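Bear in mind that the values here come from a model prediction, so they are computed numbers and not experimental data.
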Amino acid sequence: MFQLVAGALWAMLPAYVPNNAAVLAGGGRPIDGGRTWRGRRLLGDGKTWRGTAIGVLAGVALALLLDRVAGPTGAALGIELPGVPLAAAVGLALGAMLGDIAASFLKRRTGRERGASFPLLDQLDFVVGALALAALLSPAWFVETFSFARIAVVVVVTPLLHVGTNVLAYAAGLKAEPW
Ligand code: CTP
Ligand code: MG
């Protein structure tokens with residue numbers, strides 16, 4: 001059980017970090033440049049070039065670090081941890097950001113203003129984006145790493161982690177809403 005949960009979260013860590021890095025680094029020019037579609041912003045001011053770029057870089061950097069220490073860390077814990085090749089790292093980090101951006105697009109289309117909550121979409125948008133792009137860019141690694149059991153762990157545990165870190169970021173004054 002520990003091996004299953006630790007392996008799943010280890011593999012997903014590069015997809016968790018981009019959102020948090022974007023919250024810390026966000027600001028500046030919005031990706032949609034202020035453009036609207038059918039009377040509403042395309043994405044909104046919450047999706048910026050700087051936040052996205054730094055989010056992706058942070059996720060890829062973490063993945064490369066995890067890849068280097070997977071062997072010794074796993075040995076110390078007495079379990080086997082997956083490595084993360086560069087293509088998978090890019091897939092997880094960029095996919096997480098694209099999933100979050102796609103969710104903002106959907107939120108604007110459904111009349112939700114920036115920062116409005118959209119339960120489940122908010123918690124799983126980046127999971128779907130990360131897994132999909134990682135599978136596309138690094139199919140062999142994806143099949144080897146993401147067993148059905150690990151995907152199930154990710155889908156159940158990620159919303160809990162996401163809600164937890166966002167409540168902390170809100171309490172610390174880093175985020176405007178607790179979701
Ligand atoms: N952020 C960013 N670029 C991104 C994602 C996030 O700059 N691609 C920053 C923004 O400052 C944003 C904050 O991180 O306000 C929180 O992210 P998120 O909750 O995803 O955005 P919201 O402001 O809530 O907007 P939305 O309703 O579109 O999700
Ligand atoms: Mg939000």
Side-chain angles (χ1 to χ4, degrees), residues 1-24 46 51-52 55-56 58-85 87-104 106-107 115-172 174-175 177-179:
M1 190 65 193
F2 174 68
Q3 157 128 12
L4 172 64
V5 175
L9 296 186
W10 181 272
M12 274 309 274
L13 267 175
Y16 290 156
V17 164
N19 285 286
N20 300 305
V23 171
L24 296 176
T52 306
V56 172
V60 172
L62 178 70
L64 297 181
L65 181 78
L66 292 178
D67 187 58
R68 293 188 65 153
V69 301
T73 308
L77 294 172
I79 60 178
E80 207 171 305
L81 291 170
V84 192
V90 172
L92 289 171
L94 181 61
M97 289 273 85
L98 291 179
D100 176 59
I101 288 169
S104 288
L106 284 178
K107 284 161 90 172
S117 80
F118 196 146
L120 283 183
L121 186 69
D122 278 330
Q123 286 81 42
L124 289 171
D125 51 13
F126 65 102
V127 172
V128 174
L131 292 180
L133 197 59
L136 205 71
L137 296 185
S138 197
W141 173 85
F142 183 82
V143 169
E144 206 177 289
T145 307
F146 281 102
S147 58
F148 180 76
R150 274 191 181 156
I151 292 181
V153 166
V154 165
V155 168
V156 172
V157 176
T158 303
L160 302 174
L161 283 176
H162 190 254
V163 169
T165 53
N166 282 342
V167 167
L168 285 179
Y170 172 73
L174 295 170
K175 220 174 166 297
E177 304 88 16
W179 46 78

Applying the side-chain contact (heavy atoms from CB on, under 4.5 Å) test to T52, which of I101, L98, L94 qualifies?
->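 With T52 as partner, I101, L98, L94 yield a single side-chain contact (heavy atoms from CB on, under 4.5 Å), made by I101.
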State whether the number of non-hydrogen atoms from other residues, nucleotides or ligands found under 6.0 Å of Q3 atom CD is greater than 12.
->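 Correct, the count exceeds 12.
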For E177, does the CD atom sit with more than 12 other heavy atoms under 6.0 Å from it, leaving out its own atoms?
->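 It does: E177 CD has more than 12 such atoms within range.
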Test your reading of the model: is there a side-chain donor-acceptor pair from [X] to the backbone of [Y], 3.5 Å cut-off?
{"X": "T73", "Y": "A70", "result": "no"}
{"X": "K175", "Y": "V23", "result": "no"}
{"X": "D122", "Y": "F118", "result": "yes"}

If every non-hydrogen atom of [X] is compared with every non-hydrogen atom of [Y], which pair is closest and at what distance?
{"X": "P82", "Y": "T145", "answer": "CB-CG2, 3.8 Å"}
{"X": "F142", "Y": "L131", "answer": "CE1-O, 3.6 Å"}
{"X": "W179", "Y": "A116", "answer": "NE1-C, 3.6 Å"}
{"X": "P159", "Y": "V154", "answer": "CD-O, 4.1 Å"}
{"X": "V56", "Y": "A93", "answer": "O-CB, 3.6 Å"}
{"X": "V153", "Y": "A8", "answer": "CG1-CB, 3.8 Å"}

Does Y16 reach the side chain of L9, with side-chain heavy atoms less than 4.5 Å apart?
->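 Side chain of Y16 against side chain of L9, heavy atoms only: contact under 4.5 Å found.
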Approximate separation, where rounding is to 0.5 Å, of [X] [atom1] and [Y] [atom2]:
{"X": "N166", "Y": "N19", "atom1": "CG", "atom2": "CG", "value": "8.0 Å"}
{"X": "L160", "Y": "T165", "atom1": "CG", "atom2": "OG1", "value": "11.0 Å"}
{"X": "L161", "Y": "Q123", "atom1": "CG", "atom2": "CD", "value": "11.5 Å"}
{"X": "S147", "Y": "L4", "atom1": "OG", "atom2": "CG", "value": "6.5 Å"}

Go through the steps to decide whether L13 and V84 satisfy the test side-chain contact (heavy atoms from CB on, under 4.5 Å), and finish with yes or no.
-> CA-CA 10 Å; L13 267 175; V84 192; over 6 Å; no
For W10, ring pair (Phe, Tyr, Trp, His ring centres under 6.0 Å) partners two or more places apart |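 Scan of W10 (ring pair (Phe, Tyr, Trp, His ring centres under 6.0 Å), adjacent residues dropped) gives none.
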Pair M12-F126, side-chain contact (heavy atoms from CB on, under 4.5 Å): steps then yes or no = CA-CA 11 Å; M12 274 309 274; F126 65 102; 5.6 Å; no
